[in-house]
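Contents: one structure, followed by commentary.
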Amino acid sequence: MTASVDRASIGLRSPRGPILGALMLATGLIAIDATILATAVPSIVRDLGSYQQFPWLFSVYLLAQAVSVPIYSRFADTVGRKPIILLGIALFLLGSILCGFAWSMPALIVFRIIQGLGAGAVAPMAMTIVGDIYTVAERAKVQGYIASVWAISSVVGPALGGIFAQLDAWRWIFWVNIPLCLIAAWMLQIKYKEQKQTERHRIDYAGAVLLTVGLTGLILGMLEGGNAWAWISVQSALCFGIGIVALVLFAMVERRVAEPIVDLRLAARPLILTTTLVSLGVGALMIGVTSFAPAYLEGSLGIAPLLSGLAVAALTLGWPIAAANVGRLYLRIGFRRTTLIGMSIASVAAIVLASVSAWPNPWVLSLIAFVLGFGLGWSAAPTLIAAQSSVGWGERGAVTGMNAFARSAGSAVGVAVFGAISNAAIAQGAGPDDPDTIIHASVWVFVAVAVTALLTLLAAAFMPKDKVEDHSGEPAA
């Protein structure tokens, strides 16, 4: 039997309400950024050029986010959550300003790295703080507040992106972050009084460097292979060779250091391993639709950016609606069953998307994307909270960081793989300006999305069975 939770004790008017409000605003920074850029990609390409390089706008952001999350998480377990989340907001602010002044696609790509480094601190720290100050049962309710941020952003983000694109003012996509960053930082500074534990940690810098080199080599090889150079070439061999060697060395280093950047010993626990794999797949699925659906609709049908943003809005609206209500479900039937239901829904939606994508229709795509997002919302939240609730304060930052790292890494590698598939199909066709070529390339991307969904469902099936009575008694820090 689950414990009842008084909503008045966790709402925005409760003693912890100001902190929750600040975290919601900080989360809003990342939520809007996740949806606002995709609808404006064609406009950015027309202004700065290089259609083949547009996947880099997402992959470098996600790569920077992925490799920085474990570093931030380790620092957070040492110096506390507050300094890290404030640093993340500052970096995100700097990156947004620079992106708004970008003069070329390479410059914009570089400035997106700075944004990604900021996002790597903001998103996981917000969820870590929630894990610190609320019990598992309370988090089931708090998730509704956090999900409302994503729900609002899912509508505001694509709409703003589409409006700025149609007005030929895509730079405001980045400048709109400036007031949000300033307000979020101010609220956290004055409202959040952290009581951190004074345990010292060592930062695994060697592991961080090897992880960055490894992921960068693989992503560079996948995005530029068959585009800037042939798949079978010296350049491809160097990229994949360096990437694989660096990741092998990374695994060896992580086994020996006292406090690894990605604790593979945590991954040895069945619950942590399976929830991490699910997060990896969720990240790839999310980016597969949000990054390629707008370009697919605009390139095949020639519709306005504002309308193409409906597909992104539908997916990111379905996610928070599910996440806001999933707490009631996993408190009744457990984390594993809830995740299986969510991934089953997402898998069916992904298969349908691959089946009908040869006939582009914005309304059909929006409906499918909503169902896909709903399934992902029923999968992402239970896996994160299951992992958090299995550890104490000293490991919660690392576990949350591993979960966030997996989702970011899944997104970074996913956009690289999907981008490689898209670029290969476009190279064999009549180019990025031909609607039939865009449709053909997008069909293969969505087939890859469906395969990813099925593999993620398989990972969820291996989650350990959990007891419902274990989800209501964890004390808050």
Would you say that [X] contacts [Y] through its side chain, given a criterion of any heavy-atom pair below 4.5 Å between the two side chains?
X	Y	answer
I333	I341	yes
L384	S279	no
L87	Y72	yes
L249	V213	no
M343	L285	yes
I321	F370	yes
I89	L188	yes
L23	I85	yes

**I421/V447 under side-chain contact (heavy atoms from CB on, under 4.5 Å): CA gap, chis, key distance, verdict** = CA-CA 10 Å; I421 294 171; V447 168; over 6 Å; no

For the [atom1] atom of [X] and the [atom2] atom of [Y], what is their distance to the nearest 0.5 Å?
X	Y	atom1	atom2	answer
L57	I109	CG	CD1	5.5 Å
M125	L86	CE	CG	12.0 Å
T216	L211	OG1	CG	8.5 Å
S357	L365	OG	CG	9.0 Å
F92	L29	CZ	CG	6.0 Å
M286	R407	CE	CZ	8.5 Å

Closest heavy-atom contact between [X] and [Y]?
X	Y	result
Q115	C99	OE1-SG, 3.9 Å
G414	A284	CA-CB, 4.3 Å
A349	V371	CB-CG1, 4.0 Å
S422	A441	O-CB, 3.8 Å
T338	P382	CG2-CG, 3.8 Å
S347	L457	OG-CB, 3.8 Å

**Request:** Establish, yes or no, whether a centroid distance under 6.0 Å links the rings of F446 and Y296.
**Result:** yes

Short side-chain to backbone donor-acceptor contact, [X] and [Y], under 3.5 Å:
X	Y	answer
T276	A406	no
S355	I351	yes
S344	L340	yes
S300	I438	no

**Item:** F292 and F418 aromatic ring geometry - parallel, tilted or perpendicular at 30°/60° bounds
**Value:** perpendicular

**Prompt:** Relative to each other, are the rings of F374 and W378 parallel, tilted or perpendicular (30° and 60° limits)?
**Reply:** tilted

**Request:** Starting from the C-alpha separation in whole Å, work towards a yes-or-no answer on side-chain contact (heavy atoms from CB on, under 4.5 Å) for I113 and Y61.
**Result:** CA-CA 5 Å; I113 294 175; Y61 173 92; over 6 Å; no

**Request:** Go through the steps for L218 and L247 under the test side-chain contact (heavy atoms from CB on, under 4.5 Å), then give the verdict.
**Result:** CA-CA 10 Å; L218 293 181; L247 290 178; 3.5 Å; yes

